[in-house]
Amino acid sequence: MTPALALVATMTIVGLGDSTTAGTPAFASPVEMPPAGAGNPESQYEYWMMKARPGWTVLNRGVNGERSDQIRARFAREVEAAKPKVVIILAGVNDIYQGRPAKATESDLLWMYRRAKALGIAPVAATVLPFTRAAPEQSERIERLNRWIRETAAKEEIRLGDAARAAADPKEPRRLKTSPDGLHPDAATYRAVGEALVRCLS
């Protein structure tokens with residue numbers, strides 16, 4: 001059973017990940033466009049989390065195009081330095097897009113989950129979003145990775161943030177609900193993801 005998380009009205013959360021954390025295509029994260037990011041602020045899940053919980057500070061630490069190994073390499077700078085109460089880890093779609101072996105992705109994700117726990121930071125294992133333009137083999141790999149994420153969250157006794165379920169078209173779960181480019185969510189789907197992540201922490 002996942003341990004209870006002592007949430008407080010004001011706390012810092014880091015959103016760590018790739019383009020689906022950054023807010024692509026309508027928003028560039030503060031990592032990509034310092035100091036505050038650029039574009040439509042509603043096109044990122046962090047905005048909607050803070051809208052739902054105004055006392056929370058959710059730091060957008062997403063970078064478009066990064067694989068899980070590249071995200072892991074930023075862990076000390078983006079997570080440890082911020083000293084958050086929670087880190088949401090959403091990574092793996094670019095590994096699949098670039099044909100990286102599943103075991104390598106799983107190893108990176110598990111390292112980040114365990115590193116966060118060792119530091120006293122509550123990790124949220126977020127499932128990988130589908131993308132509408134995915135080939136069948138890519139969609140199958142996303143589904144396999146998400147099964148691993150769900151199983152690992154249960155084994156490691158950490159919180160699961162089912163971003164994939166929140167973002168997927170309920171009639172065609174291999175597609176995004178709404179997307180401007182077939183690869184990334186639009187603001188409405190980012191909102192659904194943000195609200196799902198709030199629920200997983202509530």
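The model shown is predicted, which means the values in this text are computed figures rather than measured ones.
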Should we count NZ of K83 as having more than 12 external heavy atoms under 6.0 Å?
no
Hey, does P41 have a side-chain heavy atom less than 4.5 Å from the side chain of E46?
no
Taking it one step at a time, do L160 and T127 satisfy side chain to side chain contact (heavy atoms under 4.5 Å, CB included)?
CA-CA 8 Å; L160 174 72; T127 51; 4.0 Å; yes
Nearest atoms (heavy-atom pairs only) where R133 meets D181:
NH1-O, 3.0 Å
Check step by step if side-chain hydrogen bond (donor to acceptor under 3.5 Å, both in side chains) holds for T57 and T12.
CA-CA 5 Å; T57 298; T12 299; 4.8 Å; no
How about T132 and R174: does a side-chain donor come under 3.5 Å of a side-chain acceptor?
no
Point-to-point distance, once rounded to the nearest 0.5 Å, from CD of Q138 to CD of E143
12.0 Å
Would you mind reporting whether I71 and L16 have side-chain heavy atoms less than 4.5 Å apart?
yes
Find out whether L109 and L145 are in side-chain contact, i.e. whether some heavy atom of one side chain is under 4.5 Å from a heavy atom of the other.
yes
Qualifying residues under side-chain hydrogen bond (donor to acceptor under 3.5 Å, both in side chains), relative to S107, sequence neighbours excluded:
none
Can a salt bridge be assigned to the pair K51 and E42 using a cut-off of 4.0 Å between side-chain N and carboxylate O?
no
So, are R67 and D108 salt-bridged, with charged N and O less than 4.0 Å apart?
no
Co-membership, hydrophobic cluster, residues F27 and L90, 4.5 Å side-chain:
no
Side-chain heavy-atom pair I121, V79 within 4.5 angstrom cut-off
yes
CZ/R199 to CG/D162 distance, rounded to the nearest 0.5 angstrom?
10.0 Å
Atom CD1 of I88 and atom CG of L201: how far apart are they, to the nearest 0.5 Å?
6.0 Å
The criterion is side-chain hydrogen bond (donor to acceptor under 3.5 Å, both in side chains); which residues satisfy it with E195, sequence neighbours excluded?
R191
Please examine the side chains of F75 and L119, heavy atoms only from C-beta on, and report whether any two atoms are closer than 4.5 Å.
yes
With side chain to side chain contact (heavy atoms under 4.5 Å, CB included) as the criterion, how do N94 and R100 come out once you've worked through the C-alpha distance, each side chain's angles and the decisive distance to 0.1 Å?
CA-CA 8 Å; N94 290 309; R100 191 163 181 254; over 6 Å; no
Do you see a donor-acceptor pair shorter than 3.5 Å between the side chains of D95 and S68?
yes
Could you pull out the closest heavy-atom pair between G161 and V124, with the gap in Å?
N-CG1, 3.6 Å
Search all heavy atoms of S29 against all heavy atoms of N60 and return the closest pair with its distance.
CB-OD1, 3.2 Å
What's the spacing between R115 CZ and I89 CD1 if we round to 0.5 Å?
12.0 Å
Tell me the closest heavy-atom pair linking R53 and S202, and the distance in Å.
NH2-OG, 3.2 Å
Nearest-0.5 Å distance, NZ of residue K85 to OG1 of residue T10:
10.0 Å
Let's go through V87 and I13 carefully: what are the C-alpha distance in whole Å and the side-chain angles of both, what is the deciding distance for side chain to side chain contact (heavy atoms under 4.5 Å, CB included) to 0.1 Å, and is it a yes or a no?
CA-CA 6 Å; V87 58; I13 299 168; over 6 Å; no
Take the angle between the ring planes of Y113 and W148 and call it parallel below 30°, perpendicular above 60°, tilted in between.
parallel
Between Y47 and M33, is there a shared hydrophobic cluster once you connect ILVMFWY residues whose side-chain heavy atoms come closer than 4.5 Å?
no
Give the intermediate values and the outcome of side-chain hydrogen bond (donor to acceptor under 3.5 Å, both in side chains) for residues D186 and T178.
CA-CA 6 Å; D186 66 1; T178 46; 2.7 Å; yes
d(Q98 CD, I96 CD1) to nearest 0.5 Å is 11.0 Å
Can you list the steps and then say if W56 with V198 is a side chain to side chain contact (heavy atoms under 4.5 Å, CB included)?
CA-CA 10 Å; W56 293 3; V198 168; 4.2 Å; yes
Can you check whether A166's main-chain N or O pairs, donor with acceptor, with K177's side chain at less than 3.5 Å?
yes
Should we count CZ of R165 as having more than 12 external heavy atoms under 6.0 Å?
no
Measure across P123 and I158 and return the closest heavy-atom pair with its distance rounded to 0.1 Å.
CG-CG2, 3.6 Å
Heavy-atom distance under 4.5 Å between the side chains of H184 and F131, does that happen here?
no
Does some side-chain heavy atom of R77 sit less than 4.5 Å from a side-chain heavy atom of R74?
yes
Heavy atoms, side chains only, cut-off 4.5 Å: are L176 and D169 in contact?
no
Suppose clustering is done on Ile, Leu, Val, Met, Phe, Trp and Tyr with side-chain heavy atoms closer than 4.5 Å. Which residues sit in the same group as V31?
V63
Looking only at heavy atoms, what is the nearest atom pair of R61 and V14, with distance?
CG-CG1, 3.9 Å
